[in-house]
Amino acid sequence: MYTTKVYANTLAQFNARRMDGERLRRLVEAGSVDAALKMLADSGFPTADGTIDGFIVAATDELIEFIEENAASRAAADALTAVFWYNNVKLAYKSRFAAMPTDAYYKIDRDAGKIAGGDYSDCDRYLTDALETLDASGERRPQAIDLALTRAMYAYVLSCGVRSVERYFRTEIDLKNILTAARLRRLGAERDEFIDGGTLDKDALITAASQTTGFADAFIGTPYADAAEDIEANGFGELWRAERDLDDHLYCLTDRLCARMTSFEPFLNYYTRARIELKAVKTALVCVKTGTREAFFERCPKLYG
């Protein structure tokens with residue numbers, strides 16, 4: 001197993017870092033989206049159909065294929081690709097009663113079309129339970145469906161049996177819950193939209209989301225205290241900043257352990273960077289398309305600074 005991990009980590013490090021700050025700068029200065037997509041193809045990304053969404057799906061499919069072929073265990077591969085499979089599930093379920101984009105599905109070795117038809121035979125037990133509960137309630141609100149299926153996804157990935165992968169996703173859950181608390185605080189809403197499985201106490205999250213105490217006070221003594229202070233200092237008005245900074249938090253968490261080649265950490269670091277990279281590239285392409293190039297440099301993840 002150690003040899004397998006070393007091999008997987010070596011491949012991951014070899015495939016990482018296609019973009020850096022300078023390449024992103026040149027990308028956002030491209031004269032058109034077509035020119036920018038050509039630059040990306042020259043940097044090793046897959047060619048696309050000429051659209052931003054088409055490029056992102058193609059690049060994500062490439063990431064999925066790499067994980068499926070090279071992760072050191074089947075359980076780890078399934079956990080890391082769960083977010084993409086569950087994306088397909090959400091689209092398929094909602095397609096029963098609303099028009100969904102047919103080109104937004106990722107290439108996963110499971111047929112989401114079965115779910116659209118009510119066949120849950122390819123689903124894990126957490127997903128099956130969530131889908132059957134949605135069926136029984138007749139739920140059609142997209143946000144409620146997304147929340148139920150996201151909760152099922154994290155329950156599934158936390159059952160993978162790979163400790164470092166589970167620790168990684170517990171941190172990701174914490175980060176999502178902090179953002180949820182900030183969003184609820186901004187809206188003045190009192191709803192339970194938090195995800196189970198993280199390390200943060202739910203009562204602390206509810207307190208942070210309320211209007212009666214300081215937001216950052218709820219996170220004193222946690223690894224997220226500084227991030228919470230920054231969110232509060234920005235007045236909850238620009239949560240994209242918090243999302244960007246919390247992505248960097250997850251990247252730094254795995255980056256400091258990359259020397260452990262007999263662990264899953266270098267592969268997790270590659271996975272994190274690849275997802276952040278795709279977000280940054282999509283932002284750059286949108287800025288090129290809309291002629292708002294200067295906005296990119298404010299939104300660019302700090303790891304490219």
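Excluded from the calculations below are hydrogen atoms, water molecules and symmetry mates; all remaining heavy atoms, backbone and side chain alike, are included.
- The closest donor-acceptor contact from the side chain of E68 to the backbone of A77 lies at 3.5 Å or more, if one exists at all.
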*Evaluate the side-chain hydrogen bond (donor to acceptor under 3.5 Å, both in side chains) criterion for residues Y168 and E265: first the C-alpha distance (whole Å), next the side-chain angles of each, then the deciding distance (0.1 Å), finally the verdict.*
CA-CA 9 Å; Y168 175 93; E265 302 297 345; over 6 Å; no
_side chain to side chain contact (heavy atoms under 4.5 Å, CB included), that's the test. Do Y120 and L127 meet it? Break it down for me._
CA-CA 8 Å; Y120 303 154; L127 178 54; over 6 Å; no
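- In this structure, the side chain of N70 does not engage the main chain of A8 through any donor-acceptor pair within 3.5 Å.
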*Apply the test side-chain hydrogen bond (donor to acceptor under 3.5 Å, both in side chains) to residues D119 and S121: give CA-CA distance (whole Å), side-chain angles for both, the deciding distance (0.1 Å), then the verdict.*
CA-CA 6 Å; D119 180 353; S121 58; 2.8 Å; yes
Please tabulate, for the side chains in residues 193-200, all donor-acceptor contacts under 3.5 angstrom to protein atoms that are two or more places apart in sequence or on a different chain.
| from | atom 1 | to | atom 2 | distance (Å) |
| --- | --- | --- | --- | --- |
| E193 | OE1 | R183 | NH1 | 3.3 |
| E193 | OE1 | R183 | NH2 | 2.5 |
| E193 | OE2 | R191 | NE | 2.7 |
| E193 | OE2 | R191 | NH2 | 3.4 |
| D196 | OD1 | K202 | NZ | 3.3 |
| T199 | OG1 | D174 | OD2 | 2.5 |

_T51 vs D49, test: side-chain hydrogen bond (donor to acceptor under 3.5 Å, both in side chains). Steps then yes/no._
CA-CA 6 Å; T51 68; D49 61 1; 2.7 Å; yes
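- Residue E190 qualifies as open at atom CD: its count of foreign heavy atoms under 6.0 Å is 12 or below.
- Counting only residues at least two apart or in different chains, salt bridge (Lys or Arg N to Asp or Glu O under 4.0 Å) contacts with residues 147-157 comprise R151-D192.
- Counting heavy atoms of neighbouring residues, nucleotides and ligands inside a 6.0 Å radius, atom CD of E22 exceeds 12 of them.
- Of all heavy-atom pairs spanning T213 and R185, the tightest one is O-NH2, 2.5 Å.
- Within 6.0 Å of NZ in K94 there are more than 12 heavy atoms belonging to other residues, nucleotides or ligands.
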*Could you walk me through whether L149 and L131 pass the side chain to side chain contact (heavy atoms under 4.5 Å, CB included) test, one step at a time?*
CA-CA 8 Å; L149 295 180; L131 292 170; 3.8 Å; yes
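- A donor-acceptor pair under 3.5 Å links the side-chain atoms of E166 to the main chain of G161, judged by distance alone.
- A salt bridge does not link R125 with D129: every distance from a Lys NZ or Arg NE/NH1/NH2 to an Asp or Glu carboxylate oxygen is 4.0 Å or more.
- Put simply, L175 and I206 are part of the same group of oily side chains (I, L, V, M, F, W, Y) that touch within less than 4.5 Å, one to the next.
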_Working for side chain to side chain contact (heavy atoms under 4.5 Å, CB included), residues K302 and R244_ = CA-CA 8 Å; K302 291 181 178 178; R244 177 200 63 192; 3.9 Å; yes
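- The residues R110 and D122 are annotated as not salt-bridged, no charged nitrogen and carboxylate oxygen being separated by less than 4.0 angstrom.
- In this structure, the side chains of H249 and T171 come closer than 4.5 Å at one or more pairs of heavy atoms.
- Ring centers of F215 and F236: under 6.0 Å apart, within the cut-off.
- A donor-acceptor distance shorter than 3.5 angstrom exists from the side chain of S95 to the backbone of A92, with no hydrogens or angles considered.
- Side-chain contact check for Y251 versus P301: every heavy-atom pair is 4.5 Å or farther apart.
- Between the side chain of N9 and the backbone N or O of M261 there is at least one donor-acceptor pair closer than 3.5 Å.
- A104 approaches N87 most closely through the heavy-atom pair O-ND2, 3.3 Å.
- Surrounding CZ of F97 are more than 12 heavy atoms belonging to other residues, nucleotides or ligands, all under 6.0 Å away.
- Under the 4.5 Å side-chain contact rule for hydrophobic residues, Y126 and I173 share a cluster.
- Put simply, the side chain of D135 reaches to within 4.5 Å of the side chain of Y93, judged on heavy atoms.
- A salt bridge links R25 with E29: the distance from a Lys NZ or Arg NE/NH1/NH2 to an Asp or Glu carboxylate oxygen falls below 4.0 Å.
- Judged by distance alone, the side chain of S43 and the main-chain N or O of M39 form a donor-acceptor pair under 3.5 Å.
- Not a single donor-acceptor pair under 3.5 Å links the side chain of Y270 to the backbone N or O of N15.
- A salt bridge links R18 and E62; the closest N-O separation between the charged side-chain nitrogens and carboxylate oxygens is under 4.0 Å.
- Across all their heavy atoms, A59 and F45 have their closest contact at CB-CD2, 4.4 Å.
- Residues L91 and V83 are members of separate hydrophobic clusters, defined by side-chain heavy-atom contacts under 4.5 angstrom among Ile, Leu, Val, Met, Phe, Trp and Tyr.
- Identified under the side-chain hydrogen bond (donor to acceptor under 3.5 Å, both in side chains) test for residues 225-240, with sequence neighbours left out: E238-R241.
- Here the side chain of T292 pairs no donor or acceptor atom with the backbone of A295 at under 3.5 angstrom.
- Between Y271 and F169, the ring planes lie perpendicular to each other; the angle is over 60°, past the 30° to 60° tilted range.
- Other residues, nucleotides and ligands contribute only 12 or fewer heavy atoms inside 6.0 Å of the CG atom of D109.
- Between the side chain of R293 and the backbone N or O of V28, at least one donor-acceptor pair lies under 3.5 Å.
- Y86 approaches A152 most closely through the heavy-atom pair OH-O, 3.7 Å.
- For CZ of R163, the number of neighbouring non-hydrogen atoms (other residues, nucleotides, ligands) closer than 6.0 Å is 12 at most.
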_For a side chain to side chain contact (heavy atoms under 4.5 Å, CB included) check, start with the C-alpha distance between N88 and Y106, then their side-chain angles and the critical distance, and finish with the verdict._
CA-CA 7 Å; N88 291 356; Y106 300 119; 4.0 Å; yes
_Show, in sequence, the C-alpha distance, side-chain angles and deciding distance for T150 and K90, and conclude whether the side-chain hydrogen bond (donor to acceptor under 3.5 Å, both in side chains) test is met._
CA-CA 9 Å; T150 296; K90 292 173 184 178; 2.8 Å; yes
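- Summarising the geometry of A280 relative to Y304, their closest heavy-atom pair is CB-CE1, 4.0 Å, with the distance given to 0.1 Å.
- Cluster annotation: L147 and I178 are assigned to distinct hydrophobic clusters (Ile/Leu/Val/Met/Phe/Trp/Tyr, side-chain heavy-atom contacts under 4.5 Å, transitive).
- Under a cut-off of 6.0 angstrom, the local environment of CZ in R26 is crowded, with over 12 non-hydrogen atoms contributed by other residues, nucleotides or ligands.
- Among all heavy-atom pairs drawn from D111 and G113, the shortest one is OD1-N, 2.8 Å.
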